[in-house]
Amino acid sequence: LSCMEDEAVRATGEDALSTKHSAAQKGYFHDPFTGFFIRRPSRKPPIINRGTYARAAAIEEVLEAFLAAGDQATRKQVISLGAGLDTTFFRLKEAGKAPYCYYEVDFPQVTARKTVVIAKQKVLYDMLGPEEFSIRIDQEKGEIHSPSYHLIGVDCRDISALDAALHSTGIDTTLPTILLSECVLIYMEPHQADEIIAWASRSFPRAMFLTYEQILPDDAFGKTMIANLRARGCRLPGIHAYPDLASQRKRYTDRGWSKAEAFDMNTIYTRYLDQKKVNSIQQLEFLDEYEEWQLLQAHYCVSMAIQDEGPGEKIFCEFGFGFQRDTLPCRFLPIIPLR
């Protein structure tokens with residue numbers, strides 16, 4: 001990508017924050033932290049608010065199932081690649097559900113801004129760890145390091161720099177790990193995204209790679225979606241390489257992951273999210289663009305790849321999007337057969 005394209009991609013992080021702030025303000029989910037980072041809040045239409053809820057709920061569902069899985073004494077970690085101005089760490093921390101360690105990686109230009117905000121806001125700073133532990137903030141590098149949270153300013157496409165930066169924190173790559181990528185890989189050239197997926201498979205023997213991104217570029221809606229992003233200076237180099245659910249699954253299994261699954265957001269919204277919550281949020285705003293809503297959701301997917309090798313409890317051994325809260329609250333269940 002060119003420097004101008006990189007800048008346009010960084011701007012999408014601001015968009016994601018703005019949509020989350022709008023949805024949170026409307027009551028779709030609880031997130032009191034977006035307001036600390038947002039520059040220009042704006043109200044979004046109901047279809048955007050609902051789509052933002054679906055995305056946030058899908059990611060939260062998997063993260064919380066992972067954090068509840070297995071022996072609670074087992075240390076777990078999350079690595080958010082291209083985290084932008086995301087507030088998931090603070091939401092989990094407030095709820096008492098944060099992992100042993102949470103890593104966020106993004107361009108130094110993005111992490112520098114995040115570092116300034118966290119350093120200034122006491123409510124955020126206090127969540128970084130108990131006072132007796134050292135919290136290191138380097139505003140020049142745009143980095144924060146604490147016992148439970150690391151903010152790292154690195155271009156994720158530079159695998160050697162990414163790997164070195166993580167290891168410099170003392171990361172334990174043998175811990176159960178989720179690597180999270182929300183609308184990040186798709187902005188990279190396919191070979192760059194593929195290298196990240198392969199590196200993650202080599203580096204983390206007990207892990208899940210969790211991805212949210214666009215699919216279906218070749219129908220009328222997909223072409224319009226791509227044209228709208230191109231008008232803002234953003235290409236989606238990865239969408240033609242991995243245009244559908246089958247190719248999304250294959251990209252992971254071809255690069256070392258044991259199993260993979262992918263679902264479009266219509267399936268997740270209607271089949272896997274808590275339907276009581278879904279019914280509740282649907283009362284918040286009237287949505288009359290139902291066909292457009294279904295088209296929009298069909299063009300986004302969640303992909304999940306796992307491997308669970310080496311000693312220790314097999315946290316990822318049973319896997320699927322849904323999990324049965326009442327009888328097996330800490331197991332993934334294979335609701336849909338793996339391919």
Between the side chains of K20 and D86, is the shortest nitrogen-to-carboxylate-oxygen separation below 4.0 Å, so that they form an ion pair?
yes
Where do H21 and D31 land on the side chain to side chain donor-acceptor pair (under 3.5 Å) test, with the steps shown first?
CA-CA 8 Å; H21 184 72; D31 190 339; over 6 Å; no
Backbone N or O of A165 within a donor-acceptor pair of the S168 side chain at under 3.5 Å?
yes
Find the distance between NZ (K259) and CG (D308) and round it off to the nearest 0.5 Å.
9.0 Å
Basic-acidic side-chain contact under 4.0 Å: D274, K276:
no
Do you see a donor-acceptor pair shorter than 3.5 Å between the side chains of N49 and E285?
yes
Is it true that atom CZ of F36 has more than 12 heavy atoms of other residues, nucleotides or ligands lying nearer than 6.0 Å?
yes
Distance col, row R39:CZ vs S18:OG, nearest 0.5 angstrom, shows 12.5 Å
Working to the nearest 0.5 angstrom, can you tell me the gap between Y300 OH and Q214 CD?
4.0 Å
So, do F204 and W257 have ring centers that fall under 6.0 Å from each other?
no
Using a strict threshold of under 4.0 Å (side-chain N to carboxylate O), is an ion pair present between R113 and E14?
yes
Is any NZ, NE, NH1 or NH2 atom of the basic residue among K277 and E61 found under 4.0 Å from an Asp or Glu carboxylate oxygen of the other?
no
Does any donor atom in the side chain of H145 or E143 lie under 3.5 Å from an acceptor atom in the other side chain?
yes
Salt bridge or not between E7 and R10? Use side-chain N to carboxylate O under 4.0 Å.
yes
Would you say S203's side chain and A200's backbone share a donor-acceptor pair under 3.5 angstrom?
no
N/O donor-acceptor pair under 3.5 Å between T224 side chain and A220 backbone:
yes
Is the number of heavy atoms from other residues, nucleotides or ligands within 6.0 Å of NZ (K44) greater than 12?
yes
Q275 side chain to L273 backbone, donor-acceptor under 3.5 Å:
yes
